[in-house]
Amino acid sequence: MAVLEGIPQLLRGFDAGQVAGIGAGGQMHGLVVLDGDGQVIRPAILWNDGRTAKEVEYLNGAVGQERLGRLTANIAFAGFTAPKLLWMRENEPERFARIRKIMLPKDYINYVLTGVHCTDYSDASGTLLLDVARRCWSGEMLDLCGVTEEQMPRLFESYEVVGTLRPEIAGRLGLPETVKVCAGAGDNAAAVGTGTVGEGACNISLGTSGTVFISSERFGADPHNALHAFAHADGHYHLMGCMLSAASCNKWLMEDIFGTEDYAGEQAKITSGRLGKNRVFFLPYLMGERSPINDTNARGAFIGLTMDTSRADMLQAVLEGVAFAIRDSVEVARSLGIDIRCSKICGGGARSPLWKTILANVLNIRLDVPASEQGPGMGGAMLAMTACGAYPTVEAACQKLVRTASAVEPDPELAALYEARYRQFKRLYPALKDIFAGLYG
């Protein structure tokens, strides 16, 4: 496992005896299943896998969105874990019958490190098997998926200790056996590394996927189910909108279409005078879409191309299309009465000054850039610090450790231009929805 190879490399030049705890921020929703011998049965089905369209339709239709909302505070999306279990039961029945342990990707790491079958509430929230409001596994959902609570991991708060290193693992890593391993968190909840805790705090992640993450001290669900209602790594709750393709859209255009890795050079052609005036639109649904449209048939599209369209126009359209799609989730939050006036921003896309400028003006809010670029990684470390007693709470760790490096303010004139562009963007997907369904449904 890569973690077992990577940790010793990270420790080079450091006193391993000083390590007190380990915490992880891991990709959410992935299905990892083990047999009775603790062996992985099949490759993990990841968060962005769209094979479960039939199962999602069954859950949202036959079972019903209202019932799912009552049981789990969420509806089914293709990336969630429960539809994957249904898919496996239907398509791989022999493998399904061998399942003894069900977990998420980061939980497998903790299992190898400690021998403890565990997960945390934030990651469990994205399985569609957790009663988020009551913070326990939903018996009805487990029954629907044909699994038992004995197969599910034990639930912990993200900052709680699940165990210490197994002796043979400690020896292999060169770490003391006393090292504590905390439950960790799903990567977005691990955004505590950006300081996103407390009522109404917001973080936007421009990674492979794009997320809008809104922290809350109380449980609350979106009645329209466009945003996910999950537990947070700080022991409270959050709402989250997730688009499947964000920075990956930019990578696709640059490397697969343009055939270059000169991201800065290509973006340099998009001068400030071009912003808000592009005639080309891009729908960023390269892998279908989750929030807020929940459509596995949605696809990417350039709209408005002419003989005069340039590379810069297309690149600008991609950056703007991702920003518009993120705003879709922000608008859902605003419709719920959540007043978002500023947000933290992290992820690989946040390294681009141009993209941050576009996003700040599309959303018409200030974007604060944390000093540490590694939001989820930093969050995992902070959870471990809390587990080891270095800080009394996750919030206290945030107050002490998280600093803002810079901020991007919107410009009123540019924000007005992007407001008009967003209104046009909003009309595109509804016009193409039936076409997408006919082509790919």
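The figures here come from the full heavy-atom set of this structure, side chains too, leaving out hydrogens, waters and symmetry mates.
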Quiz item: Hey, is K84 close enough to E55 for a salt bridge, meaning N to O under 4.0 Å?
Solution: no

Quiz prompt | R51 CZ: over 12 foreign heavy atoms closer than 6.0 Å | solution = yes

Quiz item: Hey, is the main chain of V161 close enough, under 3.5 Å, to the side chain of K180 for a donor-acceptor pair?
Solution: no

Quiz item: Could you go step by step and tell me if I99 and M88 meet the side-chain contact (heavy atoms from CB on, under 4.5 Å) rule?
Solution: CA-CA 10 Å; I99 295 175; M88 193 174 172; 4.0 Å; yes

Quiz item: Could you state the interatomic distance from CG (L142) to CD (E140), rounded to the nearest 0.5 Å?
Solution: 10.0 Å

Exercise. Could you give me the CA-CA distance, side-chain angles and deciding distance for T260 and E255, then say whether side-chain hydrogen bond (donor to acceptor under 3.5 Å, both in side chains) is met?
Key: CA-CA 5 Å; T260 179; E255 298 182 19; over 6 Å; no

Quiz item: Which one of F213, Y237, Y159 satisfies the ring pair (Phe, Tyr, Trp, His ring centres under 6.0 Å) criterion with H232?
Solution: F213

Quiz prompt | Intermediate values then yes/no, side-chain contact (heavy atoms from CB on, under 4.5 Å), Y422 and L417 | solution = CA-CA 9 Å; Y422 176 67; L417 290 175; over 6 Å; no

Quiz item: Are R299 and F436 in a cation-pi contact, defined as NZ or CZ under 6.0 Å from the six-membered ring centre and within 45° of the axis?
Solution: no

Self-check item: Side-chain touch L104/T127, heavy atoms, less than 4.5 angstrom
Solution: yes

Exercise. Show your reasoning for whether side-chain contact (heavy atoms from CB on, under 4.5 Å) applies to L401 and M385.
Key: CA-CA 11 Å; L401 299 174; M385 293 178 198; 3.5 Å; yes

Quiz item: Does anything in residues 308-333 pair up under salt bridge (Lys or Arg N to Asp or Glu O under 4.0 Å), and if so which pairs, sequence neighbours excluded?
Solution: E266-R311, R274-D313, R327-E331, R327-E419, D328-K426, E331-R334

Exercise. May I ask you to decide if the ring planes of F425 and F324 are parallel, tilted or perpendicular, using 30° and 60° as cut-offs?
Key: tilted

Exercise. Only pairs at least two apart or in different chains count here, so list each salt bridge (Lys or Arg N to Asp or Glu O under 4.0 Å) that has a residue in residues 213-241.
Key: E199-R218

Quiz item: Is the count of non-hydrogen atoms from other residues, nucleotides or ligands lying under 6.0 Å from E57 atom CD greater than 12?
Solution: no

Practice problem: Can you measure from CG (N294) to CD1 (I75) and round to the nearest 0.5 angstrom? | Solution: 5.0 Å

Quiz prompt | Within 45° cone of F96 ring axis and under 6.0 Å: R42 NZ or CZ | solution = no

Quiz item: Take atom NZ in K269; do more than 12 heavy atoms of anything else shown fall under 6.0 Å from it?
Solution: yes

Quiz item: Quick one: are C202 and K344 in side-chain contact, heavy atoms under 4.5 Å?
Solution: no

Practice problem: Look up atom OH in Y108 and atom CG in N110, then write down how far apart they are to the nearest 0.5 Å. | Solution: 12.0 Å

Quiz item: Within the side chain of T194, is there an N or O that forms a donor-acceptor pair under 3.5 Å with the backbone of A191?
Solution: yes

Quiz item: Should Q316 and L275 count as side-chain neighbours, where that means a heavy-atom distance under 4.5 Å?
Solution: yes

Quiz item: Does the ring center of H238 lie less than 6.0 Å from the ring center of F230?
Solution: yes

Quiz item: Got a sec: does the CD of Q424 have more than 12 other heavy atoms crowding it under 6.0 Å?
Solution: yes

Exercise. May I ask you to establish whether R423 and Y418 are in a cation-pi arrangement, using a distance under 6.0 Å from NZ or CZ to the six-membered ring centre and at most 45° from the ring axis?
Key: no

Quiz prompt | Salt bridge flag under 4.0 Å for residues E149 and R154 | solution = no

Quiz item: Does the pair D120/K106 count as a salt bridge with the N-to-O cut at 4.0 Å?
Solution: yes

Quiz item: Would a distance-only check, ignoring hydrogens and angles, find a side-chain to backbone donor-acceptor pair under 3.5 Å from W355 to L319?
Solution: yes

Quiz item: Quick one: do the D368 and T404 side chains pair a donor with an acceptor below 3.5 Å?
Solution: no

Practice problem: Return the orientation label for the Y429 and Y285 ring planes: parallel under 30°, perpendicular over 60°, tilted otherwise. | Solution: perpendicular

Quiz item: Can you tell me how far CG of D187 sits from CG of D123, rounded to the nearest 0.5 angstrom?
Solution: 8.0 Å

Practice problem: Check whether the side chains of E160 and Y121 place a donor and an acceptor atom closer than 3.5 Å, and report yes or no. | Solution: no

Practice problem: Would you mind reporting whether L59 and P83 have side-chain heavy atoms less than 4.5 Å apart? | Solution: yes

Quiz item: Distance from I365 atom CD1 to L359 atom CG, nearest 0.5 Å?
Solution: 7.0 Å

Practice problem: Would you check if the distance from the ring center of F77 to the ring center of H228 is below 6.0 Å? | Solution: yes

